[in-house]
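Only a predicted model underlies this, so the values are computations on that prediction, with no experimental measurement involved. Per chain, numbering begins at 1; letters A, B, ... match sequence-line order.
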Protein chains: 2
Amino acid sequence: MKTCENNYFQQKHSKEMRAVQDSMDVLNGKWKVAILSSICYYNKRRFSEILNDVEGISNRMLSKELKELEVNKLIIRSVMDTQPITVMYELTKHGKSLKNIIESLSDWGIAHRRVITGK
Amino acid sequence: MKTCENNYFQQKHSKEMRAVQDSMDVLNGKWKVAILSSICYYNKRRFSEILNDVEGISNRMLSKELKELEVNKLIIRSVMDTQPITVMYELTKHGKSLKNIIESLSDWGIAHRRVITGK
DNA sequence: CTGAATCCTCTGCGATACTG
DNA sequence: CAGTATCGCAGAGGATTCAG
């Protein structure tokens, strides 16, 4: 019976689908992945450096997004006692587990441009 | 000199960073990746099936997002001449190249839940 | 069944200015 | 330098209805 077949497959993949949604909820918005990329590529990165890396982002947004990433335990914020103060951001172990995805997204972005522009 | 060093690395990674942004521009919004996951996991999928797979999406949104995905050459839409008509969606070759990323996101989503809930 | 058309709400995000 | 505080709007997205 067709519906049974569908239900079978449905159950088979609904868990993965929910997991994908969970991931995208954390990485939502226009900036999160780009910010993570910046920190990921440079290992440690300062606020103003990320501000430059991520094209077009405002300090307001950067501040807000960094806070969310910290809450989600993807990055660690540490204040350096300099004058004036500087703040370093780095990936947690958990954040580093996104490295493969980020690199894949980079590769895919380049491939996508080729596909859309017709090479 | 520190700034030179920074500029050097800056140039080294700005290309990847732009590519990541390109990818995320295509996959933006609340639903795109989930929709792609549905089609990806089942190879071919009908409108109403995707509507069920993606929890919470409205037909209005699904319709709109599918259109964008088609414009970006990630999926192909084909109308089956049945009564009433059914519409199948499947990934293009280019769309299929997202499979690894989708699977990684699924794995990461599960891991993330463990990290946040403290296991 | 697969959408398109309306209407309406809410919020993501930009611009700008200000603080320690 | 690294943020916070306001203000304002376009547009994402929800609910509902209509159409082929």
key: A:G29 or A:I85, whichever maps to the more 5' nucleotide of DNA chain C   = A:G29
task = Tell me which nucleotide among C:dG14, C:dC1, D:dG13 gets nearest to the side chain of A:S58.
result = C:dG14
task = Check whether any side-chain nitrogen or oxygen of A:K30 sits under 4.0 Å from OP1 or OP2 of C:dG14, and answer yes or no.
result = yes
note = Against the side chain of B:W31, the closest entry in D:dG14, C:dG3, D:dA2 is D:dG14
D:dG14 OP1/OP2 closer than 4.0 Å to side-chain N/O of B:R60 = no
task = Measure the CD1-CH2 distance between A:I50 and A:W31 for me, rounded to the nearest 0.5 Å.
result = 13.5 Å
note = From NZ of A:K32 across to P of C:dG12 the rounded distance in Å is 9 Å
task = Take the protein atom CZ of A:R77 and the nucleotide atom P of D:dC1, then report the distance between them rounded to whole Å.
result = 16 Å
ask   = Does a side-chain heavy-atom distance below 4.5 Å link B:L105 with A:L27?
value = yes
ask   = Is there a side-chain polar atom (N or O) of B:K67 under 4.0 Å from OP1 or OP2 of C:dG3?
value = no
note = DNA chain C nearest-nucleotide lookup for A:P84 and A:I57: closer to the 5′ end is A:I57
remark   = When rounded to whole Å, the CG to C1' distance for the pair B:N59 and D:dC18 reads 12 Å
inquiry  = How long is the straight-line distance from CD1 of B:I39 back to CD of B:E49, given to the nearest 0.5 Å?
reply    = 10.5 Å
key: Min side-chain heavy-atom separation B:W108-A:N100 under 4.5 Å   = no
inquiry  = Check this for me: does any side-chain nitrogen of one of A:K30 and A:E65 sit under 4.0 Å from a carboxylate oxygen of the other?
reply    = no
task = Indicate the ring-plane relationship of A:Y41 and B:H13, choosing parallel, tilted or perpendicular according to the 30° and 60° boundaries.
result = parallel
query = CG of A:L62 versus P of D:dA5: gap in Å, rounded?
reply = 16 Å
ask   = Does the side chain of B:T82 get closer than 4.0 angstrom to OP1 or OP2 of C:dC1 through an N or O atom?
value = no
remark   = A:D81 atom CG is separated from D:dC1 atom P, nearest whole Å, by 17 Å
message = Is the phosphate of D:dA2 approached by A:S48 (side-chain N or O, under 4.0 Å from OP1 or OP2)?
response = yes
query = When you measure from the side chain of B:T86, which nucleotide among D:dC1, C:dC1, D:dG3 comes out closest?
reply = C:dC1
inquiry  = In this structure, how many angstroms lie between the C1' atom of D:dA12 and the CD atom of B:E68, rounded?
reply    = 10 Å
ask   = Can you tell me if the side-chain N/O atoms of B:S63 get under 4.0 Å from OP1 or OP2 in C:dA4?
value = yes
note = Testing C:dG3, D:dG3, D:dG13 for proximity to the side chain of B:F47, the answer is C:dG3
query = Looking only at side-chain N and O atoms, does A:K64 come under 4.0 Å of OP1 or OP2 in D:dG3?
reply = no
Nucleotide C:dC13, atom P - distance to CG of B:D25 in whole Å = 12 Å
ask   = Separation of B:Q21 atom CD from C:dC13 atom C1', in whole Å?
value = 14 Å
